[in-house]
Amino acid sequence: MSNSPTLIRIKSALAKSVLPEGPVENGFLVRSVLVMCILGALIIAPFSWLNFYQGRSLIGIASVAVLVVCVLNTVASFRGKYVLWLNLWGAAPALAFSIVFAIEKLGVIGTFWTYMALCTYYLILPLKYAVKAAIVLFVVASVTAFFYVDVKVLVRFMVTSLGCGSFMYFCFREIENQRNLLSTQSLTDPLTGAFNRQSLQDTLAQFAHQQHVNDTTSTLCMFDIDHFKHINDDFGHDVGDKVLKAFSAIITQHMRSDDKLFRVGGEEFLLLMPNTTKTHAASIAECIRETLSSSEIISGHPVTVSVGVAESDKHLSWREWMKNSDDKLYFSKQNGRNQVSM
Ligand SMILES: Nc1nc2c(ncn2[C@@H]2O[C@H](COP(=O)(O)OP(=O)(O)OP(=O)(O)O)[C@@H](O)[C@H]2O)c(=O)[nH]1
């Protein structure tokens, strides 16, 4: 059954709003949202009951709404998912309203909770959203405080909450940079910069799933440098490394922004080309093959590559899809090397 463009857009928007646990930011957010929401639910539940019991039904309804957000978030986190819209349009505004309410009811004491809310934003939202939400909260809390606290207190409140917000931003930006660095190091091959075998499985499994939802065609190109053992034996390991670097640079020059390159073995590379037919992919692989064979990486010794090209099929698992590209590569090798087969 083919999907209409509108259905595809809706499915891809939903897929983007529910992020599966990833190695970098999502894993961190899933864990911190889980802790924050369990704590939030435990604190809010008795308050909700108390509000209804004491006849404050409006506040009671509001606190039950927050409780529902906490429970939904907890369930999603238990399943290893981070739900962006639930936090951005549920938890974050609920916190801001609570702060307004607290300042209105408690005055100066109510403003203290703003610092907690600022920290919470950085724990439940991706950094770029946390900054924006923190700025909105700062403005909303300051405007509310203007009506309920003394000017001298207001100025101190604004300066300290600005300081707290900036401190949180710099801390979390540094944590994010470190996480990204670690992630890059754990997912890429230091010699060529291509993604390593570790990341191949996650990427292809996730990609094959999305492709099944969107019903599109993509292609894998498996590259294997010919007689690489001889290069190492004849010219040394350093020259072998130089060839690997030069070859991955050649592939990178021919890649489009959505393509992904993996180093799957010593001299074996896999290029994932989303939304590409095998005919188009084979023409790009042919350009890569020609560029390598005509390059002078080792003077007087042409380096060649064999390639296997395989198109996706929604009835195939990612392993079968990859095996197809490997089979085509094997055919290229058997057929005399230095060629592209599909
Ligand atoms: N320089 C270098 N060599 C590597 C690296 N990783 C694996 N190799 C070597 O790559 C060679 C791969 O050799 P084979 O699998 O026999 O393949 P081949 O010689 O290219 O033969 P065909 O694929 O059949 O054309 C081995 O000698 C490995 O030691 C690396 O990071 N650097």
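In this text, all values refer to a predicted model and were calculated from it rather than measured experimentally. Order of listing sets the numbers, starting from 1, for every ligand and every atom in it. Atoms considered below: every heavy atom in the structure, side chains included; atoms not considered: hydrogens, waters and symmetry mates.
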> When rounded to the nearest 0.5 angstrom, what is the spacing between CZ in F247 and CZ in R263?
Replying inline: 11.5 Å
> Does D224 approach ligand 1 within less than 4.0 angstrom via side chain, backbone, both or neither, non-hydrogen atoms only?
Replying inline: side chain
> Under 4.0 Å from ligand 1, counting heavy atoms only, is it the side chain of R263, its backbone, both or neither?
Replying inline: side chain
>> I need the atoms of ligand 1 closer than 4.0 Å to a non-hydrogen atom of L244, numbered in the order shown.
In response: 30 (C), 31 (O), 32 (N)
> Hey, is N232 touching ligand 1 through its side chain, its backbone, both or neither, going by heavy atoms under 4.0 Å?
Replying inline: side chain
> Under 4.0 Å between a Lys/Arg side-chain N and an Asp/Glu carboxylate O for R337 and D224?
Replying inline: no
> Heavy atom under 4.0 Å from ligand 1: found in E267's side chain, backbone, both, or neither?
Replying inline: side chain
> If you measure only the distance, is there a donor-acceptor pair under 3.5 Å linking the side chains of S306 and R289?
Replying inline: no
>> Quick test: of every protein heavy atom, which one is nearest to atom 19 (O) of ligand 1, and how far off is it to 0.1 Å?
In response: K229 N, 2.9 Å
>> Using 0.5 Å steps for rounding, measure from the CG atom of D241 to the OG1 atom of T192.
In response: 10.0 Å
> What atoms of ligand 1 come within less than 4.0 Å of a heavy atom belonging to G240?
Replying inline: 1 (N)
>> On the six-membered ring of F28, is R179 placed so that its NZ or CZ lies under 6.0 angstrom from the centre and within 45° of the ring axis?
In response: yes
>> Contact between ligand 1 and E268 is defined here as a heavy atom of the residue under 4.0 Å from a ligand atom; is it met?
In response: no
> Which protein non-hydrogen atom lies closest to atom 32 (N) of ligand 1, naming both residue and atom, and how far is it?
Replying inline: D241 OD1, 2.7 Å
> Which residue supplies the protein heavy atom nearest to atom 20 (O) of ligand 1, what is that atom called, and how far is it?
Replying inline: F228 N, 2.7 Å
> Hey, which atoms in ligand 1 end up nearer than 4.0 Å to a heavy atom of G266?
Replying inline: 6 (N), 7 (C)
>> What's the separation between atom CD in Q339 and atom NZ in K328, rounded to the nearest 0.5 Å?
In response: 12.5 Å
>> Once rounded to the nearest 0.5 Å, what's the spacing between atom CH2 of W49 and atom OG of S63?
In response: 12.5 Å
> Hey, which of F195, F223, F269, F207 is the one that makes ring pair (Phe, Tyr, Trp, His ring centres under 6.0 Å) with F262?
Replying inline: F195
> Is it true that D327 and K323 make a salt bridge, defined as a side-chain N closer than 4.0 Å to a carboxylate O?
Replying inline: yes
>> Regarding atom 24 (O) of ligand 1: of the candidates H227, K333, R337, which has the closest heavy atom?
In response: R337
> What about I225: any of its N or O atoms under 3.5 Å from an N or O on ligand 1?
Replying inline: yes
